[in-house]
Amino acid sequence: MKKLLVVGLMMSGFAFGQIKQDTLDKEYKLEVAPLKEKKQKPNPLSKKGQVFVFFGWNRGAFSNSDIHFTGNGYDFQLNNVQARDKPTKFGIVYIDPSWFTVTQYNFRLGYFIKDNLALVLGIDHMKYVMKQDQTVDFSGTISDPKYAGMVQNGQVNLADTQFLTFEHTDGLNYENLGLEKYKNLIHKKNIDLVWSYGAGIGVMFPKSNIKLFGNERSDRFHVAGMGTDLRTSLNMVFWKNWMIRAEAKAGYINMWDIKTTLNNKPDKARQDFVFGQVLAGVGYTFNTKKYN
């Protein structure tokens, strides 16, 4: 009887030990779930999917240009015509939304199609004013003796506004699409400095204010030609979102269908010139993807 009891205790101990061992094996074989890697919020103006918007103001400069006029009774060219921009006097007009088109303004909407590469839609509302007090070379013909008589020795004095006033002041609108490459220069806790460079191309959509030979002034929006540009900017981003942008650009504009009279008459002008522009303003940049 004692032998049977000893054997039973040994067998129960063996079974208990086996169960305990199996339990421990199962516990040790449990896989530990890996910790989910925390995504870091990317630097501004750097990652695919980021967006920025911008609004600012510009100053512009224009090379001399030859302006060719054609219409009923005339076909002539004015050579090396000088022009300037027309900045609005600083005041409430610069921050009043109801008057924003009065100023020389710029708008940008950018989307990063790849890391550090943005597709940028832009509106450059420049103003172009022919300098009235100048004498320019003239070539061509005018049938009206009154205005033909204003040409003396192959030149015409434009100070007499009866002959011509010529502006794109509502304005010299360059609607463009560009590609811009971005590079982070400084990255601190609450500030980033980002440099960009790129190029753009677009259409010219001016509202030209032109009065030729005493005709009623032409003043309407019209697709008049095309433009292209090279640009570079410095962008200072505060607290990851708010942005101050300073940009410079140089480009070429060719307008071959400038309306000079009303009522869809065949009268038109064409000109091409090089322009330069500096601009500054404020913007906001944000991510379209969520980060922890």
Side-chain angles (χ1 to χ4, degrees), residues 45 52-65 81-110 118-131 166-182 193-209 221-237 242-255 258 271-285:
L45 303 177
F52 70 86
V53 291
F54 166 85
F55 186 87
W57 302 270
N58 69 71
R59 290 297 309 267
F62 313 103
S63 67
N64 293 354
S65 68
V81 177
Q82 300 176 29
R84 57 176 176 80
D85 69 345
K86 189 179 180 181
T88 304
K89 186 178 179 180
F90 185 77
I92 189 75
V93 66
Y94 279 88
I95 57 175
D96 186 342
S98 64
W99 287 91
F100 80 95
T101 60
V102 173
T103 63
Q104 298 180 169
Y105 71 86
N106 299 79
F107 172 78
R108 299 281 186 273
L109 174 62
L119 184 67
V120 182
L121 175 66
I123 300 174
D124 291 17
H125 179 81
M126 299 176 281
K127 293 180 184 287
Y128 176 104
V129 180
M130 180 188 75
K131 293 181 180 179
F166 189 93
E167 303 179 359
H168 310 293
T169 48
D170 283 331
L172 183 65
N173 299 309
Y174 175 40
E175 323 282 344
N176 58 88
L177 191 64
L179 280 175
E180 297 178 0
K181 185 77 172 178
Y182 285 75
L193 184 64
V194 187
W195 170 55
S196 80
Y197 61 91
I201 189 170
V203 298
M204 302 306 302
F205 191 60
K207 188 177 183 183
S208 303
N209 303 321
F221 289 107
H222 180 69
V223 176
M226 296 190 69
T228 186
D229 74 88
L230 298 173
R231 77 275 299 263
T232 185
S233 73
L234 278 176
N235 304 271
M236 188 171 291
V237 184
W242 293 101
M243 176 174 70
I244 296 176
R245 183 182 181 102
E247 181 179 309
K249 65 165 50 177
Y252 170 73
I253 288 172
N254 190 326
M255 294 187 290
I258 302 167
Q271 69 175 147
D272 66 314
F273 53 88
V274 173
F275 75 95
Q277 183 188 165
V278 292
L279 61 102
V282 295
Y284 190 83
T285 178

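All residue numbers refer to positions in the sequence shown, counting from 1.
With sequence neighbours left out, the ring-ring contact (aromatic ring centres under 6.0 Å, His included) criterion links Phe273 to Phe62, Tyr128. Remark: Arg84 pairs with no residue by the side-chain hydrogen bond (donor to acceptor under 3.5 Å, both in side chains) rule, at least two apart or across chains. Contacts of Val278 classified as side chain to side chain contact (heavy atoms under 4.5 Å, CB included), with partners at least two apart in sequence or in another chain: Arg59, Ala248. Residues meeting the side-chain hydrogen bond (donor to acceptor under 3.5 Å, both in side chains) test with Glu247, sequence neighbours left out: Arg108, Arg245. Asn254 is linked by a side-chain hydrogen bond (donor to acceptor under 3.5 Å, both in side chains) to Tyr252, counting only residues two or more places apart in sequence or in another chain. Scanning for side chain to side chain contact (heavy atoms under 4.5 Å, CB included) contacts around Gln277 gives Asn58, Asn106, Asp124, Met126, Lys249, Phe275, Leu279, with sequence neighbours left out. Qualifying side-chain hydrogen bond (donor to acceptor under 3.5 Å, both in side chains) partners for Asn209, counting only residues two or more places apart in sequence or in other chains: Thr169.
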Inset, instruction - Please assess Phe166 against Val81 for the test side-chain contact (heavy atoms from CB on, under 4.5 Å), listing each intermediate value before the final yes or no. - result: CA-CA 10 Å; Phe166 189 93; Val81 177; over 6 Å; no
Inset, instruction - Just do the side-chain contact (heavy atoms from CB on, under 4.5 Å) check on Gln104 and Trp57 with the steps written out, would you? - result: CA-CA 6 Å; Gln104 298 180 169; Trp57 302 270; 6.0 Å; no
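Looking at heavy atoms from C-beta onward, Tyr284 lies out of side-chain contact with Phe52 at the 4.5 angstrom threshold. Inter-residue side-chain proximity for Met255 and His168 is flagged as met; some heavy-atom pair is nearer than 4.5 Å.
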Output side-chain donor-acceptor pairs under 3.5 Å for residues 171-179, partner residues at least two apart or in another chain, one line each.
{"from": "Asn173", "atom 1": "OD1", "to": "His125", "atom 2": "ND1", "distance (Å)": "2.6"}
{"from": "Asn173", "atom 1": "ND2", "to": "Gly171", "atom 2": "O", "distance (Å)": "3.3"}
{"from": "Asn173", "atom 1": "ND2", "to": "Phe205", "atom 2": "O", "distance (Å)": "3.0"}
{"from": "Tyr174", "atom 1": "OH", "to": "Asp229", "atom 2": "OD2", "distance (Å)": "2.7"}
{"from": "Asn176", "atom 1": "OD1", "to": "Arg231", "atom 2": "NH2", "distance (Å)": "3.3"}
{"from": "Asn176", "atom 1": "ND2", "to": "Gly122", "atom 2": "O", "distance (Å)": "3.4"}
{"from": "Asn176", "atom 1": "ND2", "to": "Tyr174", "atom 2": "O", "distance (Å)": "3.0"}

Using atom types as modelled, flag every donor-acceptor pair under 3.5 Å from a side chain in residues 195-203 to any protein atom, sequence neighbours excluded.
{"from": "Trp195", "atom 1": "NE1", "to": "Thr232", "atom 2": "OG1", "distance (Å)": "2.9"}
{"from": "Ser196", "atom 1": "OG", "to": "Ser233", "atom 2": "OG", "distance (Å)": "2.6"}

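Taking CE from Met243 and CE from Met236, the interatomic distance works out to 12.5 Å, rounded to the nearest 0.5 Å.
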